[in-house]
Amino acid sequence: MRVGIIGRGGMADALGTQWRRAGHEVVTGSRSGGLREAAEFGTDAVLLAVPYEAVVEVVGGLGEVLLGKVLIDCTNPVGPGFGLLTSGGPSAAERIASAAPSAHVVKAFNLCHEDVWRLTPPVFDGRPLAVPLCGDDEGALTVVRRLVRDLGCEPLNAGGLDRAGLVEATAALLIRLWVGEGADAQAISPPRAYAGT
């Protein structure tokens, strides 16, 4: 697949490196250069890997370049004190969708630090990492599921784009527990057998 990545930070490098390793063609660009070229190159998917504060402006400036494209949002709208910057809605993913109404936005890859995406593959205690996806277009979700599996991970259906805010809030909580409290965030979730029916 041809994947364009908007951003040249840690997430862009980690995911881009793994997708290249899986045989995909990847071109990156940033606000300092190559932004439009990366978006144009991503005929199969475009990953948004810029800070949340800049993402709506960046997407809005690309206009027709994103027409019909699969637009993957891995941003986290987390601010000082690990607060959710989009509290009260709409979610970051929904704001991106409003700024690029002709694109098919999928929320994905936002729950883990870039170092996790550098693992080949991200498997913990024999279990592949699961990646929740939120989106409304089945074709776009199919593309992102493949990109998830090409990392050695398992895609999870987390619902439509209207559920993206829940995934973003989960990220804010996990970051607060891991970084703010130094806690084992996995300890808050019991094994599936005890999750109820």
Side-chain angles (χ1 to χ4, degrees), residues 1-30 38 41-52 69-76 78 92-93 104-135 137-159 161 163-164 166-179 182-195:
M1 288 197 286
R2 287 165 57 101
V3 180
I5 298 182
I6 297 175
R8 288 192 173 134
M11 285 290 285
D13 178 66
L15 289 168
T17 297
Q18 297 289 30
W19 286 331
R20 283 187 190 99
R21 186 174 288 131
H24 301 300
E25 297 177 78
V26 178
V27 168
T28 60
S30 69
F41 181 84
T43 53
D44 292 293
V46 175
L47 173 71
L48 288 170
V50 296
Y52 166 70
K69 298 227 174 169
V70 176
L71 195 55
I72 306 169
D73 168 31
C74 71
T75 65
N76 275 322
V78 179
H104 305 296
V105 177
V106 176
K107 187 79 188 186
F109 305 112
N110 70 307
L111 292 185
C112 296
H113 187 270
E114 65 191 67
D115 290 343
V116 172
W117 303 121
R118 296 186 194 283
L119 299 173
T120 310
V123 173
F124 304 94
D125 296 325
R127 183 177 63 184
L129 182 70
V131 180
L133 310 180
C134 293
D137 184 85
E138 186 55 37
L141 288 164
T142 296
V143 168
V144 180
R145 285 185 198 109
R146 179 177 171 191
L147 290 171
V148 168
R149 290 188 178 106
D150 286 345
L151 298 173
C153 301
E154 288 296 325
L156 291 181
N157 175 18
L161 205 62
R163 307 280 290 177
L166 297 175
V167 178
E168 293 169 6
T170 300
L173 173 63
L174 293 177
I175 292 168
R176 178 183 176 88
L177 291 172
W178 282 322
V179 179
D184 177 6
Q186 284 189 316
I188 68 174
S189 181
R192 183 176 174 186
Y194 295 92

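The structure presented is a predicted model; accordingly, all values stated were derived computationally and were not measured.
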From [X] [atom1] over to [Y] [atom2], what is the distance, rounded to the nearest 0.5 angstrom?
X    : Y    : atom1 : atom2 : value
E154 : R149 : CD    : CZ    : 6.0 Å
E168 : L173 : CD    : CG    : 14.0 Å
L151 : L15  : CG    : CG    : 6.0 Å
M11  : D13  : CE    : CG    : 11.0 Å

Can you name the closest pair of heavy atoms from [X] and [Y] and give their distance?
X    : Y    : value
A45  : I72  : CB-CD1, 4.1 Å
L133 : A108 : CD2-CB, 3.4 Å
C134 : A158 : SG-CB, 3.7 Å
K107 : A93  : CD-CB, 3.9 Å
W117 : C153 : CZ3-SG, 3.9 Å
G126 : P128 : O-CD, 3.8 Å

Between [Y] and [X], is there a side-chain heavy-atom distance shorter than 4.5 Å?
X    : Y    : value
L111 : V131 : no
V148 : F109 : yes
L119 : L129 : no
L47  : C74  : yes
H113 : D115 : yes
R146 : T142 : no
R163 : V167 : no

Salt-bridge criterion met for R2 and D44 (N-O under 4.0 Å):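 No, no charged N to carboxylate O under 4.0 Å.
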Lys/Arg-Asp/Glu bridge criterion (N-O < 4.0 Å) met for D150, R21: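 Looking at R21 together with D150, the answer is no, because their closest N to O distance does not fall below 4.0 Å.
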F124 CZ: over 12 foreign heavy atoms closer than 6.0 Å: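 Check passes, neighbour count above 12.
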Taking [X] for its side chain and [Y] for its backbone only, find out whether a donor-acceptor pair lies under 3.5 Å.
X   : Y    : result
D73 : T75  : yes
N76 : N110 : yes
W19 : L147 : yes

